[in-house]
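The structure under discussion appears below in the form of structure tokens.
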Amino acid sequence: VAIGMRTRDMSPLIEPEVAERVLRRALARGGEFAEIYAERSTGMTMAIEESRIESVQSGAEEGAGVRVTSGATTYFAHVDGLDPADLERAAAEAAGALHGDSAEPRPLSAVASVPHPIERRPSDVAAERKAALLRELDERGRGAGAEIAQLIASYAEVRREVAVANSEGRFGEDDRTRVRIGVQAVARRGEAVETGAETLGGHRGFELFDGDPGAVADSAARKALTLLEAGPAPAGSMPVVVAGGFGGVLFHEMTGHGLEADHVQKGASVYVGKLGEQVAQPLLTAYDDGRLPNEWGSDAIDDEGTPTQKTAVIEEGRLTSFLYDGLTARRDGVASTGNGRRESFRHLPVPRMTNTYIAPGEAEPEAMIAEVANGFYAVSFGGGQVDPATGDFVFGVTEGYLIEGGRVTRPCRGATLIGNCLQALAAIDAVGSDFEVKTGICGKAGQRVPVGTGQGHVRIQAMTVGGTEV
Amino acid sequence: VIELVHRAVAAAVAAGASDAEAYASEDARREVRAHGGEVESLTAATQRGIGVRAWIGGKVGYAFGTDLSEAGLAKIASRSAEAARVADEDEFAAPPELPVRLIPDMGGEGAPELRDPSVAGGATAEIAELALAVERAALSADSRVVGVEQAVYADSAERIAIASSTGIGGEFERSSCYAYAQALAEGGDGRETGLGFDLGRGPAHLDPVAIGREGAERATAMIGAIKPRSRSCPVILDPTVAASFVGLVGRGLSAVTVQRGRSPFAGKVGGEIAAAAFVLHDDGLDPQGPASSPFDGEGVPHRRTALIEEGALRTYLYDSYAARRGDATSTGNAGRGGYRVQPGVAPSNLLVERGELGFGELLRAAGDGVFVTDVAGLHSGVNPVSGVFSVGASGRAIRGGELAEPLREFTIAGDLVSMLRAVRAVGAEPRWVPFGGSVSTPPLLIGALTVAGS
């Protein structure tokens with residue numbers, strides 16, 4: 001067994017010989033496929049509130065999950081610890097309910113993949129330096145205006161080393177480090193209270209903060225202060241211009257989830273039967289790209305050992321691909337798109353997005369707004385949710401503006417935007433030439449994974465804005 | 001497990017902590033997912049972990065891990081002390097003092113029975129059959145049900161122990177289970193989904209047929225749904241939706257969020273914040289409550305606390321930090337989401353007192369309005385600091401005091417305090433709901449909320 005590309009500075013998670021033994025054990029009572037996924041994760045978080053460093057916390061966990069599939073059923077067991085005895089116990093437990101003849105796993109060979117490069121390991125940076133970063137965010141945010149009454153900033157780092165081996169002979173390894181900061185500012189004026197939030201994160205080391213991390217605090221504070229001037233958001237259906245960056249949550253909810261093959265195969269997606277069809281105007285092209293260098297939602301391999309890839313999901317308005325993990329790909333007789341992801345060794349992989357974005361278009365953001373007689377300009381976002389089966393989705397806007405006579409006028413407090421996937425996607429009539437990817441945490445089937453969302457400005461002809469001003 | 005936490009406390013003190021607390025859990029979990037008449041996945045697992053909170057004077061640090069060997073514990077303990085050294089001094093930070101009355105144990109007098117021995121003990125074939133039965137019930141309830149995206153049964157049996165250098169030490173066992181089905185119905189020109197669920201201490205408490213039928217009924221009820229007209233009108237929240245809002249209110253009543261200027265309920269104790277019809281308690285000892293246990297996440301005994309009565313806010317929820325800072329007594333509301341997270345103020349079980357009106361009478365009281373059966377986007381559409389919310393919704397129109405056409409793709413908006421004041425009536429049939437924490441609530445009739453649709 002040849003295992004290359006090892007870049008770790010710790011002992012290997014799992015020796016190939018051990019993996020082969022565990023796989024043999026997992027298939028000892030039958031089954032067509034077996035897999036072991038091993039993981040060691042270490043992390044640290046801290047926060048500042050009331051200008052005081054607190055909630056300093058560190059964690060270390062390691063364990064493995066073993067699955068065996070037989071017919072339509074997946075048997076899954078996981079254990080804490082990575083001793084060979086732990087792994088064999090998991091394999092025996094996963095195989096426990098099977099009663100067939102043993103099958104032989106194929107010899108392992110390594111998947112060629114290179115972890116995303118990390119310049120400065122967060123674990124090598126002194127905790128005091130991280131505390132200093134938070135103090136800088138606190139000072140910057142509070143310095144933005146006397147009306148900033150409260151500020152919370154948080155720092156998180158996590159390193160996940162993973163190794164995955166399966167009975168088809170795949171052996172993949174990855175070493176993933178992510179860092180992220182977030183700031184929430186609270187502004188007060190008399191009885192009025194408003195909040196603003198901003199984050200910065202990446203599949204990167206501490207070098208992510210080499211630039212001007214204080215800008216994150218400036219941005220959060222600016223949003224909160226702006227909203228002090230805001231009036232109620234309008235209620236009703238109107239044209240909406242969505243700003244770039246985290247505005248990509250729009251596409252994530254409106255289209256991304258509905259393209260995950262598990263929903264599609266169960267008939268629980270409005271995109272069933274739409275492959276190859278024109279679902280959007282030709283000006284729209286979109287990707288899921290797990291390879292974007294050092295991006296928040298990127299990994300070298302997915303959690304089944306499949307190298308991540310760039311998948312065009314919509315090309316010039318035509319639906320071109322669903323997003324697959326190994327199981328759903330086998331069912332459809334296609335190759336996995338490298339979207340098999342899991343929260344940890346305690347979870348089964350399911351098809352998940354990585355970094356999903358609408359590619360930059362040709363429109364100038366100013367012109368996109370100027371063409372709207374009366375509408376809503378959504379600038380900051382809280383997140384969203386979708387029911388892929390019905391296609392109904394929501395998209396939380398925390399900072400918006402009225403568009404009146406082609407001009408951006410007064411600021412509006414937050415409002416949820418609601419729409420239906422296919423209608424809203426087809427109603428996108430302009431895509432801006434600007435572009436940005438932002439960090440998000442996506443929840444599905446009880447599992448949370450880091451995802452990137454991106455786009456430039458996007459205009460939707462009509463969407464329901466859920467304000468209070470009827 | 002209790003021995004483990006005592007050892008961890010000693011290790012943290014040896015590593016330089018002036019005080020320490022350890023929390024450990026050990027659990028066995030099972031989950032069955034059924035689809036298309038077959039078991040899609042079967043998961044069985046056990047897990048253990050420990051979290052150690054260390055104080056060095058008023059500086060607090062936390063560390064957790066799964067390596068429970070002697071060396072592993074020492075490492076976790078020393079990391080907790082290291083973390084404390086990084087933190088800034090907080091004059092109110094200290095472990096809870098030994099409670100006046102000792103922590104009751106599981107078998108103690110008056111302690112609720114939290115353990116159903118059939119959880120984790122029974123054969124997996126039985127729980128697989130339960131998930132399959134839920135799916136069958138949904139499919140056979142109505143010919144318009146074309147599938148079930150997922151029928152799930154899951155249970156867990158856990159043992160939790162906590163100890164501190166200030167003399168706290170206790171342990172309990174608890175079991176829980178739930179089942180749900182997400183039914184798909186077809187009709188009109190689209191697909192609709194409906195969730196049916198139930199929860200309890202053990203599988204014998206679950207009725208798979210009722211769960212499947214509820215999913216089917218909720219899905220078929222939505223067939224042919226249209227957008228409502230934008231307006232302000234009376235709104236009935238069904239218990240699953242009411243629970244989400246009650247959970248938001250409960251979190252806003254955390255004394256820490258009040259002390260730190262992050263609650264819409266700041267400065268309102270003793271004041272009128274709700275209609276008299278809306279009565280709310282926190283009760284960590286309720287025999288049916290999913291979150292019930294003898295003590296909270298830092299070992300302080302659970303109790304029943306009146307939060308809103310006669311329209312007035314009686315008290316906030318306190319853990320020992322907030323109590324020290326607010327010159328109050330802990331209400332036993334140190335919540336704990338497992339060994340990976342530090343304790344923080346959180347409701348235990350929230351209970352809305354039942355009212356007088358059956359569902360039909362609630363509809364008549366509403367007259368014309370909207371019955372909301374589902375909401376979406378609570379995590380992104382609610383500002384917990386200001387209490388302002390705007391969330392996606394679906395449900396049924398209410399016309400002439402009766403349910404009318406199904407409605408979808410609209411939002412409801414308002415703010416939490418105004419909404420509590422606008423509660424016009426409370427239904428007579430409460431239900432336990434796992435959304436928004438652990439909440440038991442009947443349907444609520446709100447006098448007016450803004451509905452945005454067409």
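Side-chain atoms are counted along with the backbone in the values below, which use heavy atoms only and exclude waters and symmetry mates. Chain naming here is simple, since letters A, B, ... match the order of the sequence lines and numbering starts at 1 in each.
At a 4.5 Å heavy-atom cutoff, the contact between B:Thr66 and chain A is made by backbone and side-chain atoms alike. In this structure, the portion of A:Ala131 lying under 4.5 Å from any heavy atom of chain B is its side chain and not its backbone. When heavy atoms are compared at a cutoff of 4.5 Å, B:Gln259 approaches chain A solely by way of its backbone atoms N, CA, C and O. Using a 4.5 Å cut-off between heavy atoms, A:Glu191 makes no contact with chain B at all. Only the side chain of A:Asp387 comes within less than 4.5 Å of a heavy atom in chain B; its backbone stays farther off. Contacts of B:Lys59 with chain A are absent, with no heavy-atom separation under 4.5 Å from either backbone or side chain. With a 4.5 Å cut-off on non-hydrogen atoms, A:Leu327 does not touch chain B at all. Only the side chain of A:Val394 comes within less than 4.5 Å of a heavy atom in chain B; its backbone stays farther off. Looking at A:Glu253, neither its backbone nor its side chain comes within 4.5 Å of chain B, counting heavy atoms on both sides. Looking at A:Val270, there are no atoms closer than 4.5 Å to chain B (heavy atoms on both sides), in backbone or side chain. Contacts between A:Val186 and chain B at a heavy-atom distance below 4.5 Å involve the side chain alone, from C-beta outward. Heavy-atom distances place the backbone of A:Ser51, and not its side chain, under 4.5 Å from chain B.
With respect to the salt-bridge test (charged N to carboxylate O, under 4.0 angstrom), the residues A:Glu93 and B:Arg30 do not qualify. In summary, A:Glu54 and B:Arg260 engage in a salt bridge, as defined by a charged side-chain N under 4.0 Å from a carboxylate O. Between A:Arg413 and B:Asp415 there is no salt bridge, since no side-chain nitrogen of the basic residue lies less than 4.0 Å from a carboxylate oxygen of the acidic one. Using a 4.0 Å cut-off between charged side-chain N and carboxylate O, A:Glu128 and B:Arg85 make no salt bridge.
B:Phe64 has its side chain within reach of A:Gln57: a pair of non-hydrogen atoms, C-beta onward, lies under 4.5 Å apart. A:Gln385 is not listed as a side-chain neighbour of B:Ser380, based on a closest heavy-atom distance of 4.5 Å or more. The shortest side-chain heavy-atom distance between A:Gln265 and B:His35 does not fall under the 4.5 Å cut-off.
Checking side-chain atoms of B:Ser386 against main-chain N and O of A:Glu194 turns up no donor-acceptor pair under 3.5 Å. With hydrogens and angles ignored, the 3.5 Å screen pairs no side-chain donor or acceptor of B:His379 with any backbone N or O of A:Gly382. For the pair B:Arg408 (side chain) and A:Asn420 (backbone), a donor-acceptor distance under 3.5 Å is absent. No donor-acceptor pair under 3.5 Å is formed between the side chain of B:Ser41 and the backbone N or O of A:Thr74.
Around atom CZ of A:Arg448, no more than 12 heavy atoms belonging to other residues, nucleotides or ligands sit under 6.0 Å away.
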* Evaluate the salt bridge (Lys or Arg N to Asp or Glu O under 4.0 Å) criterion for residues B:Arg325 and A:Glu50: first the C-alpha distance (whole Å), next the side-chain angles of each, then the deciding distance (0.1 Å), finally the verdict. => CA-CA 14 Å; B:Arg325 181 164 170 169; A:Glu50 299 182 311; 2.6 Å; yes
* Should A:Thr464 and B:Lys227 be marked as a side chain to side chain contact (heavy atoms under 4.5 Å, CB included) after you check the CA-CA gap, both sets of side-chain angles, and the distance that decides it? -> CA-CA 10 Å; A:Thr464 297; B:Lys227 276 191 187 195; 2.6 Å; yes
* **Audit row: B:Arg48, A:Glu61, salt bridge (Lys or Arg N to Asp or Glu O under 4.0 Å) steps and yes/no** => CA-CA 10 Å; B:Arg48 309 206 297 168; A:Glu61 299 191 273; over 6 Å; no
* Dump the intermediate steps for side chain to side chain contact (heavy atoms under 4.5 Å, CB included) on B:Arg29 and A:Arg346, then the final yes or no. => CA-CA 11 Å; B:Arg29 280 165 199 270; A:Arg346 299 193 176 99; over 6 Å; no
* Could you go step by step and tell me if A:Leu348 and B:Arg33 meet the side chain to side chain contact (heavy atoms under 4.5 Å, CB included) rule? -> CA-CA 12 Å; A:Leu348 279 167; B:Arg33 290 179 178 255; over 6 Å; no
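Nearest heavy-atom pair, B:Thr450 versus A:Gly467, reported as atom, atom and distance to 0.1 Å: CG2-O, 3.6 Å. When all heavy atoms of B:Gly414 and A:Thr468 are compared, the closest pair comes out as N-CG2, 4.3 Å.
Rounded to the nearest 0.5 Å, atoms CD (B:Glu192) and CG (A:Asp392) are 7.5 Å apart. From A:Arg52, atom CZ reaches atom CG of B:Asp90 across 3.5 Å, with rounding to the nearest 0.5 Å. Once rounded to the nearest 0.5 Å, the distance linking CD of B:Glu82 with OG of A:Ser58 reads 7.0 Å. In this structure, CE on A:Met46 lies 10.0 Å from CG on B:Asp88, to the nearest 0.5 angstrom. Here the OH-OG1 distance, from B:Tyr62 to A:Thr45, works out to 10.5 Å after rounding to the nearest 0.5 Å. Remark: A:Arg89 CZ to B:Thr46 OG1 distance equals 5.5 Å, nearest 0.5 Å.
Your options are A:Ala149, A:Gly419, A:Ala462, and the one with the most heavy-atom pairs under 4.5 Å with chain B is A:Gly419. The greatest number of non-hydrogen atom pairs below 4.5 Å with chain B, out of A:Gly396, A:Gly414, A:Gly384, is found for A:Gly384. With chain A as the partner, the residue from B:Ile76, B:Val391, B:Asp67, B:Leu378 showing the most heavy-atom pairs under 4.5 Å is B:Val391. When B:Arg79, B:Arg53, B:Glu38, B:Glu31 are compared by the number of non-hydrogen pairs under 4.5 Å with chain A, B:Arg79 comes out ahead.
For the side-chain hydrogen bond (donor to acceptor under 3.5 Å, both in side chains) with A:Lys266, the lone residue among B:Glu40, B:Gln182, B:Glu149 that qualifies is B:Glu40.
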